[in-house]
Amino acid sequence: MVTSGQQTWLWVGFAGMALGAVAIFLSGQRLRAEDRHHPVASLFVCLIAAASYFAMANGQGVVQTDGRTVFYARYVDWAFTTPLLLLGLLMVALPPLVRGGDDSRDRTALIAGTLGADVLMIVTGVVAALTRDDTVKYVWFVISCGFFVAVLALVLGPVRAAATTQGGGISALFKTLVTTLSALWFIYPVLWLLGTEGTGTIGQTTEVFVFAVIDLTAKVGFGLLLVTGVGRLERRAQPSRGESTVRAAATA
Ligand code: RET
């Protein structure tokens with residue numbers, strides 16, 4: 001059951017995501033046209049989450065399994081928003097292509113690997129949340145954690161290596177973004193274990209509240225950090241007309 005206390009936090013989540021979408025859109029409008037691809041992923045992250053919070057606040061996307069309340073709407077949200085968050089990060093990290101087709105195939109493989117592992121992390125996570133048998137549930141949880149490790153390994157390995165080959169400005173922005181992202185993403189499996197999906201150590205209202213706070217930070221906070229970071233880089237790199245900031249900063 002969704003209590004009225006939980007509903008309040010879900011409405012706060014909805015309002016925060018909707019306002020976040022407006023804020024990201026407006027800060028995106030202040031970027032040069034050549035750099036306005038950066039806010040797109042972050043904008044849709046907030047819009048998708050706003051839809052998910054709206055559903056949950058109205059009692060939708062929730063099921064009772066084994067006497068536990070599972071908000072499966074969260075996983076629908078995450079299945080789309082976590083790949084988009086990663087795409088936003090990759091758009092900053094990956095340098096402009098130089099060897100046309102060959103580079104672009106390598107790039108596509110890296111993106112496919114990162115997003116593929118991420119989607120599997122969420123899908124196996126929702127299966128874990130909906131499993132009644134405890135042993136099977138924790139096996140799914142461990143499988144999901146394995147995909148989480150794969151995402152982190154790709155982001156902190158080849159993606160970080162690509163970012164550091166670019167100018168100091170881009171690698172500094174990447175460092176800020178990747179530190180924020182990894183610190184926040186670690187909270188999700190911990191909260192899952194402590195919440196109703198896992199051990200039920202913390203109450204459901206606390207869980208709904210903490211999820212709303214980290215969701216807002218990981219989506220709106222991360223999006224604003226990315227867009228304002230690109231804006232700062234834009235002023236420093238002074239790209240020429242028609243040239244993106246990432247390209248100018250990489251060749252500076
Ligand atoms: C689950 C449970 C199973 C184990 C793991 C999980 C990881 C979830 C993550 C979610 C990130 C969500 C974000 C949402 C947007 O703001 C599915 C909780 C590893 C990392 C960043």
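Note that ligands are numbered from 1 as they come in the structure, with each ligand's atoms numbered from 1 the same way.
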Could you tell me whether a side-chain N or O of Glu207 sits under 3.5 Å from a main-chain N or O of Gly195, the two making a donor and an acceptor?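 No, because the side chain of Glu207 does not come within donor-acceptor range (under 3.5 Å) of the backbone of Gly195.
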
Where is the nearest protein heavy atom to [atom]: which residue, which atom, and how far?
atom: atom 17 (C) of ligand 1; result: Gly125 CA, 3.9 Å
atom: atom 9 (C) of ligand 1; result: Tyr188 CB, 3.5 Å
atom: atom 18 (C) of ligand 1; result: Trp192 CD1, 3.7 Å
atom: atom 21 (C) of ligand 1; result: Trp185 NE1, 3.1 Å
atom: atom 5 (C) of ligand 1; result: Ser144 OG, 3.4 Å

Just checking, is any N or O donor in the side chain of [X] or [Y] under 3.5 Å from an acceptor N or O on the other one?
X: Ser240; Y: Glu243; answer: yes
X: Ser171; Y: Gln166; answer: no
X: Ser244; Y: Asp35; answer: no
X: Asp215; Y: Tyr53; answer: yes
X: Gln64; Y: Thr69; answer: yes

Side chain to side chain contact (heavy atoms under 4.5 Å, CB included) partner of Thr245, the single match among Arg232, Glu234, Arg235, Arg236: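 Exactly one pass, corresponding to Glu234.
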
Output the list of atoms in ligand 1 that are nearer than 4.0 Å to some heavy atom of [X], sorted by atom number.
X: Pro189; value: 5 (C), 7 (C), 19 (C)
X: Asp215; value: 14 (C), 15 (C), 16 (O)
X: Met121; value: 9 (C), 20 (C)
X: Phe141; value: 3 (C), 4 (C)
X: Ala218; value: 16 (O)

How are the rings of Phe211 and Trp78 set to each other: parallel, tilted or perpendicular (split at 30° and 60°)?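 Correct class here is tilted.
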
Would you call the rings of Phe54 and Phe14 parallel, tilted or perpendicular if under 30° counts as parallel and over 60° as perpendicular?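 Taking Phe14 first and then Phe54, their aromatic rings sit tilted (interplane angle of 30° to 60°).
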
Counting only heavy atoms, which portion of Thr82 has something under 4.0 Å from ligand 1: side chain, backbone, both, or neither?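 For Thr82, only side-chain atoms sit under 4.0 Å from ligand 1.
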
Ligand 1 versus Phe148, non-hydrogen atoms closer than 4.0 Å: side chain, backbone, both, neither?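 The part of Phe148 near ligand 1 is the side chain, not the backbone.
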
N/O of Lys219 under 3.5 Å from N/O of ligand 1, yes or no?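 Min N/O separation from ligand 1 is below 3.5 Å for Lys219.
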
